[in-house]
Amino acid sequence: MKQHRQLLLILIAIISYSTLQAQKNQPERNNVTPPARQVPQQSPPRKQEMQPPRQNHVQQNSAPKAIAPVRQQPPPQRPRQQQNNPPRTVPVKSMQQPKPVKPAQQPIQNPRPDNQQPKIVPVKPANEQPVKPVEQTKPLKPDQPEQNPKEDHDQPGVVPVKPEQVSPKPKNQVPRSIPPKPVATQPVKVAPPPPNNPQPRYDAHNPSWRYAHLPRRNSYVNHVPRGYRHIHYGNYDYRYYNGVFYRPYNNLFLITQPPFGIYIDLLPFGYSQLYVSNHPYYYYNGIYFDYRNDNYYVISPPVGALVESLPEGYQTINIDGETYYEVDGAQYKPILMENGEIWYEVIKAN
């Protein structure tokens, strides 16, 4: 029985050796020359000495093979097989060349840490100037006012005006010609200009543009300017200065309409002359004068008189969608002139 067991062990050793030899010969098929193996020559004689003499017919096949060394040294043979077949272990993707990276996308290697990196400040050329975007504006029509986006109004481009200073253009009216300046047929006596006399400018949105520097009608002041005249008429003591009449009221003075029939000897500086039914009249700050007996008497506004401006303190009246103005009980209608200005015609006297 012992002999049979020994024979089986020898056969198993021979089969394992043949399989190892076949695996080592595989690189020859792939045109790879494996390194020569160094087989120890002393191991077979040692085994032959240990084996009984009956096994001489088997020693020819098992002479180059050693059972003990194969079992004791299997680990060093496995790495040799892996070293002999490197092409099989290399993946295909690793053999592909990396794609070239654009210069702008290549990361910059920082040999220094982030705390020691110097800050790079971009330097602009001295001659370079920033280009401002050009805003495109729509062309305006000749009659269209320029729009102002900074103003918060319902209608852009329209200057806000107080309700009492609104002077809309009259509707469905034929422009009238400006009346020529009348030639004085009688001597005119005019007061000297007051100090710091302003130069009025036409304003289509303010009917009182010519007399805006004078005090408002029916308002109160604490004192009368120096150089005034004292006039007693109808149980009242009036003060008069530069076309404005003042009446005492408690400790104040009321800017009031002068009574009809009161007169002065000098016309205020800046008066205007007009004709109604070929009769000359004089006008200043809502007051009409008539020359009689070498003086200028205050009269009721003649119907049909056309004046450039109204006094401060007028009132607006809307009738059938049209705007009219009232001053001291007299009503005025806006009239469009040939030069584009708006004048005011007396349509009802007080």
Side-chain angles (χ1 to χ4, degrees), residues 167 169-170 173-194 197-204 206-214 217 240-245 256-317 322-350:
S167 179
K169 291 185 178 181
Q173 285 191 5
V174 179
R176 293 189 187 181
S177 60
I178 299 175
K181 294 183 179 181
V183 179
T185 58
Q186 51 195 3
V188 177
K189 295 180 289 183
V190 184
N197 187 36
Q199 297 294 331
R201 293 184 179 181
Y202 173 75
D203 185 2
N206 186 9
S208 60
W209 61 271
R210 182 176 286 277
Y211 308 109
H213 62 284
L214 298 177
R217 194 67 57 87
Y240 170 78
Y241 179 79
N242 191 29
V244 181
F245 287 84
T256 182
Q257 174 193 8
F260 301 144
I262 193 172
Y263 60 91
I264 56 177
D265 57 351
L266 297 176
L267 289 174
F269 182 82
Y271 76 96
S272 60
Q273 185 178 2
L274 53 94
Y275 279 87
V276 177
S277 300
N278 296 326
H279 185 79
Y281 295 96
Y282 303 92
Y283 173 79
Y284 185 83
N285 193 29
I287 304 173
Y288 295 85
F289 300 94
D290 186 15
Y291 181 76
R292 289 177 291 177
N293 300 326
D294 203 20
N295 289 316
Y296 299 94
Y297 289 81
V298 177
I299 63 173
S300 176
V303 177
L306 194 63
V307 296
E308 292 180 294
S309 180
L310 301 177
E312 283 281 351
Y314 62 85
Q315 296 179 358
T316 58
I317 303 174
E322 295 186 3
T323 303
Y324 297 88
Y325 302 91
E326 183 177 356
V327 179
D328 299 332
Q331 294 182 4
Y332 293 82
K333 179 181 179 181
I335 301 298
L336 179 63
M337 310 305 289
E338 288 182 349
N339 60 353
E341 295 182 359
I342 299 176
W343 287 30
Y344 306 92
E345 183 182 5
V346 179
I347 60 174
K348 182 181 179 181
N350 51 359

Open item on the list: To check you understand the geometry: which heavy-atom pair defines the closest contact between A330 and P301, and what is its length?
Closed with: CB-CG, 3.9 Å

Open item on the list: To the nearest 0.5 Å, what is the distance between CG on L310 and CD on Q315?
Closed with: 12.0 Å

Task: Nearest atoms (heavy-atom pairs only) where P311 meets N285 - done: CB-OD1, 3.0 Å

Task: Geometric class of the Y202/W209 ring pair [parallel <30°, tilted 30-60°, perpendicular >60°] - done: perpendicular

- [ ] Take the angle between the ring planes of Y314 and Y325 and call it parallel below 30°, perpendicular above 60°, tilted in between.
- [x] perpendicular

- [ ] Provide the full list of salt bridge (charged side-chain N to carboxylate O under 4.0 Å, His left out) pairs with a residue in residues 327-344, sequence neighbours left out, each pair given once.
- [x] R217-D328

- [ ] Over all heavy atoms of both residues, which pair between N278 and P280 is shortest? Give the atoms and the distance, please.
- [x] O-CD, 4.1 Å

Open item on the list: For a quick test of reading the model, state the closest non-hydrogen atom pair linking F269 to P192 and the distance between them.
Closed with: CB-O, 4.1 Å

- [ ] Measure the CG-CG distance between L266 and N242 for me, rounded to the nearest 0.5 Å.
- [x] 11.5 Å

Task: Candidate pair Y324 and E322, rule side chain to side chain donor-acceptor pair (under 3.5 Å), full reasoning - done: CA-CA 7 Å; Y324 297 88; E322 295 186 3; 2.9 Å; yes

Open item on the list: With side-chain hydrogen bond (donor to acceptor under 3.5 Å, both in side chains) as the test, pick out the partner of K189 among N295, D265, D294.
Closed with: D294

TODO: Kindly indicate, with the supporting measurements, whether the criterion side chain to side chain contact (heavy atoms under 4.5 Å, CB included) is fulfilled by I347 and Y332.
DONE: CA-CA 6 Å; I347 60 174; Y332 293 82; over 6 Å; no

- [ ] Show your working on side chain to side chain contact (heavy atoms under 4.5 Å, CB included) between Y263 and N293 and close with a plain yes or no.
- [x] CA-CA 10 Å; Y263 60 91; N293 300 326; over 6 Å; no

- [ ] Take V307 and Y288, measure what side chain to side chain contact (heavy atoms under 4.5 Å, CB included) needs, and give me the verdict at the end.
- [x] CA-CA 11 Å; V307 296; Y288 295 85; 3.7 Å; yes

TODO: With rounding to the nearest 0.5 Å, note down the distance linking CG in L267 to OH in Y283.
DONE: 14.0 Å

- [ ] Check whether any side-chain heavy atom of I262 sits under 4.5 Å from a side-chain heavy atom of Y240, and report yes or no.
- [x] no

Task: Distance-minimising heavy-atom pair for I342 and P334 - done: CG2-CB, 3.8 Å

Task: Flag side-chain contact, heavy atom, 4.5 Å: V298 against F289 - done: yes

- [ ] Mind telling me whether Y284 and Y211 have parallel, tilted or perpendicular rings, with 30° and 60° as the class edges?
- [x] perpendicular

Open item on the list: For Y296 and Y291, I'd like to know if the aromatic rings sit close, meaning centre-to-centre distance below 6.0 Å.
Closed with: yes

- [ ] Could you tell me the separation between the OG1 atom of T323 and the CD1 atom of I317, rounded to the nearest 0.5 Å?
- [x] 10.0 Å

Task: Minimum-distance pair of heavy atoms, taken over all atoms of A212 and N206 - done: CB-ND2, 4.5 Å

Task: CH2 on W343 to CD1 on I335, rounded to 0.5 Å - done: 12.0 Å

Task: Distance (rounded to the nearest 0.5 Å) between R210 CZ and R201 CZ - done: 13.5 Å

Open item on the list: With heavy-atom distances below 4.5 Å as the criterion, would you say the side chains of P194 and Y241 are in contact?
Closed with: yes

